[in-house]
Amino acid sequence: MKNGETGYFMNNLGAGFDAYIARQINQSKLKKWCNRLYVGKLAYVMMLIIGLFQYRPSLVEVEVDGHKERFEQHGLLPFPISLFLEEG
């Protein structure tokens, strides 16, 4: 930021369904095709709909302070690690 302007920053981490969609769209020709037609965001909506039928739950192991938890059929696991910083 310049000249004392106020700014904000946000960060988020996702695992599970949202990560699956992000990976699929980044490996897909659909995104390139939609970008050529100037409707790139439509690719995410289309992949979301496709993903609702194709995604399969997976095994997740989480270890915190030496304690392990195992989730056999996890579907959605968002990590809301959001930071908001204000300058000024």
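We're numbering straight along the sequence, starting at 1. Just so it is clear, the model here is predicted, and its values are computed rather than measured.
- Atom CD of residue Gln24 and atom CD1 of residue Ile50 lie 9.0 Å apart, to the nearest 0.5 angstrom.
- For the residue pair Leu48 and Ile21, the shortest heavy atom distance occurs at CA-CD1, 4.0 Å.
- Taken to the nearest 0.5 Å, the CE atom of Met46 stands 6.0 Å off from the CH2 atom of Trp33.
- Atom-to-atom distance recorded for Leu42:CG and Met47:CE is 11.0 Å, nearest 0.5 angstrom.
- Under the 4.5 Å side-chain heavy-atom criterion for Ile, Leu, Val, Met, Phe, Trp and Tyr, Ile25 and Leu52 are members of the same hydrophobic cluster.
- Atoms CD and CD, on Glu69 and Glu61 in that order, are 10.5 Å from each other to the nearest 0.5 Å.
- Proximity of Tyr44 to Lys31: side-chain heavy atoms (C-beta onward) are separated by under 4.5 Å at one or more points.
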